[in-house]
There are 2 protein chains.
Amino acid sequence: MSQSTGGTRERIQAVALELFTEQGYEKTSLREIAERLGVTKAALYYHFKSKEEIVNSYVEDRLHRMDELIDWARDQPATRATRHALVSQYADTMFAPGQSVVMRFFEQNQTVLKSLVAGQQMRERMFRLADAICQGDDSPRAQLRATLVLFAVHSSWFAVRTPDITDDERKKIALEVADELLNGIEES
Amino acid sequence: MSQSTGGTRERIQAVALELFTEQGYEKTSLREIAERLGVTKAALYYHFKSKEEIVNSYVEDRLHRMDELIDWARDQPATRATRHALVSQYADTMFAPGQSVVMRFFEQNQTVLKSLVAGQQMRERMFRLADAICQGDDSPRAQLRATLVLFAVHSSWFAVRTPDITDDERKKIALEVADELLNGIEES
DNA sequence: ACCTGAACACCGTTCAAGT
DNA sequence: ACCTGAACACCGTTCAAGT
């Protein structure tokens with residue numbers, strides 16, 4: 001039983017992601033995940049060291065894409081154009097096909113993530129990205145604006161409640177509002 | 001033992017708020033709370049129907065203050081001045097003395113709150129407030145902007161990392177950035 | 001290599017019982 | 001009215017054991 005080409009690890013990731021997003025991380029028990037897979041709770045521990053490790057497995061490639069962005073930004077001049085490119089790139093990785101599922105998981109589980117290692121790493125990257133965005137203007141105003149730029153990309157997923165809107169349209173709107181915020185940051 | 005003028009209920013609220021903020025709602029056990037109070041786990045159930053009910057007790061007056069704001073806004077013209085007053089009032093209740101502890105609890109526990117009744121109510125009020133803010137301009141762009149206005153007030157607590165900044169300064173910066181966003185919303 | 005069965009300490013909740 | 005003691009089903013995790 002339970003078709004699909006082996007890959008129990010991958011099947012655990014998929015089922016867990018779905019349940020974590022639907023019901024939240026804490027409210028989803030390993031028993032539930034195991035039952036859906038027709039497997040024992042203990043079996044999960046062969047593939048993952050802990051419940052938290054399942055979450056970490058989603059975050060890894062996301063983290064290193066953010067690292068790449070941060071590194072790239074460091075070598076660029078602190079201009080409007082750089083900031084625009086940075087945010088645009090960030091939105092691209094956030095709205096990449098296949099990533100939208102993970103996106104909704106993050107939106108649903110921000111707080112739990114704070115206590116998990118993966119969440120702290122994501123949080124740290126967000127601060128560094130924000131710092132990269134307001135490079136050359138370290139006023140509190142610029143810090144807040146830079147943070148809201150990232151939020152604009154994130155929150156377009158739920159804040160825009162227009163029915164039948166496509167992901168591309170969400171992204172476009174997010175970038176427009178983000179750009180306005182960027183214009184308030186001084187060039188150095 | 002355990003001084004203070006009786007009021008076990010109030011002492012539970014205080015200790016729980018502290019622990020929930022420090023360690024998060026899910027990671028704080030009722031045993032921990034009970035031990036700090038020199039009381040039994042079961043005793044908590046005399047004062048609160050459940051763990052969730054403790055959280056609800058923080059949210060109640062906050063909810064009705066938001067309701068008042070929403071009701072007030074409904075009867076006002078959809079002008080820049082109304083929107084400014086609305087956000088300014090909202091920031092006042094958010095930064096009210098004594099509320100900053102509750103504020104940090106919310107910041108720390110957004111996600112858990114989503115699955116709790118109290119959280120869903122707060123979420124619903126936030127959407128309604130956002131709708132009130134972009135009254136007269138129901139474009140997706142305006143919706144996103146209005147949501148970010150509320151986030152500006154909330155996130156000034158952690159996004160601004162300037163050392164030794166006062167709560168009043170945070171509030172001032174939040175309102176400045178919020179006002180810029182408001183200016184992008186059309187008057188009807 | 002991959003999984004099971006059974007046990008571990010802990011969790012939120014209930015309830016009869018005590019004062 | 002206010003609290004205790006003991007039990008309940010459930011949780012994440014471990015580990016010896018099976019194939």
Side-chain angles (χ1 to χ4, degrees), chain A residues 1-59 105 109 111-119, chain B residues 1-59 105 109 111-119:
Chain A
M1 47 225 73
S2 67
Q3 63 281 55
S4 111
T5 51
T8 311
R9 201 188 131 91
E10 284 72 20
R11 292 173 60 231
I12 294 172
Q13 285 179 314
V15 167
L17 182 59
E18 194 187 330
L19 291 176
F20 287 163
T21 305
E22 257 175 42
Q23 325 176 338
Y25 173 79
E26 308 264 10
K27 302 233 160 185
T28 302
S29 69
L30 296 181
R31 183 186 48 73
E32 246 177 314
I33 298 171
E35 264 172 15
R36 278 232 195 167
L37 294 167
V39 95
T40 253
K41 223 170 42 153
L44 304 180
Y45 281 85
Y46 176 75
H47 297 280
F48 294 96
K49 285 208 317 267
S50 67
K51 191 182 180 185
E52 180 167 346
E53 270 292 308
I54 304 179
V55 173
N56 289 346
S57 73
Y58 308 137
V59 177
F105 162 77
N109 289 80
T111 304
V112 190
L113 280 168
K114 272 182 212 166
S115 57
L116 306 185
V117 181
Chain B
M1 47 223 75
S2 67
Q3 64 282 53
S4 109
T5 51
T8 312
R9 200 188 132 92
E10 285 72 20
R11 292 173 61 230
I12 295 172
Q13 285 179 313
V15 167
L17 182 58
E18 194 187 331
L19 291 176
F20 288 164
T21 306
E22 257 175 42
Q23 325 176 339
Y25 173 78
E26 308 265 9
K27 302 233 160 184
T28 302
S29 69
L30 296 180
R31 183 187 48 72
E32 246 177 314
I33 298 171
E35 263 172 14
R36 279 232 195 167
L37 293 168
V39 96
T40 253
K41 222 170 42 154
L44 304 180
Y45 281 85
Y46 176 75
H47 297 280
F48 295 96
K49 285 210 314 269
S50 67
K51 192 182 180 186
E52 180 167 347
E53 270 291 309
I54 303 179
V55 173
N56 288 347
S57 73
Y58 308 137
V59 176
F105 162 76
N109 290 81
T111 304
V112 189
L113 280 168
K114 273 182 212 166
S115 56
L116 306 186
V117 181

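As a basis for the values below, the full set of heavy atoms in this structure was taken, side chains included, without hydrogen atoms, waters or symmetry mates. These figures come from a predicted structure and were not determined experimentally. Each chain gets a letter, A, B and so on, in the order its sequence line appears, and its residues count up from 1.
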Atom pairs, N/O to N/O, protein against nucleotides 14-19 of chain C, distance under 3.5 Å?
none

Using whole Å, what does the distance between atom P of nucleotide C/dC10 and atom CD of A/E26 come to?
18 Å
Regarding the side chain of B/V39, the nearest nucleotide among D/dC2, C/dA1, D/dT4 is D/dT4
Less than 4.0 angstrom between a side-chain N/O of B/Y46 and OP1 or OP2 of D/dC2, yes or no?
yes
Exam field: side chain A/K51 to backbone A/Y25, donor-acceptor pair closer than 3.5 Å:
yes
By nearest atom, which of the nucleotides D/dT13, C/dC11, D/dC3 is closest to the B/R31 side chain?
C/dC11
Taking the side chain from B/S29 and the backbone from B/E32, do they hold a donor-acceptor pair closer than 3.5 Å?
yes
Which value, rounded to the nearest 0.5 Å, describes the distance between A/K27 atom NZ and B/E26 atom CD?
6.5 Å
Restricting to non-hydrogen atoms, name the atom on B/G24 and the atom on B/T28 that form the minimum distance, rounded to 0.1 Å.
O-OG1, 2.8 Å
For C/dA1, does OP1 or OP2 lie under 4.0 Å from any side-chain N or O of A/H47?
no
Base-pair string, DNA chain D, Watson-Crick plus G-U, cut-off 3.5 Å on both distances, | for inter-strand, is ||.|||||...|||||.||
Minimum-distance pair of heavy atoms, taken over all atoms of A/Y45 and A/S50:
CE2-CA, 4.0 Å
Which nucleotide wins on minimum distance to the side chain of A/T40, given the candidates C/dC10, C/dT4, D/dT13?
C/dT4
Is the closest side-chain heavy-atom distance between B/V39 and B/R11 below 4.5 Å?
no
Which nucleotide, D/dT4, C/dC3, D/dC2, lies nearest any side-chain atom of B/A43?
D/dT4
Check whether any side-chain N or O of B/T8 sits under 4.0 Å from OP1 or OP2 of D/dC3, and answer yes or no.
yes
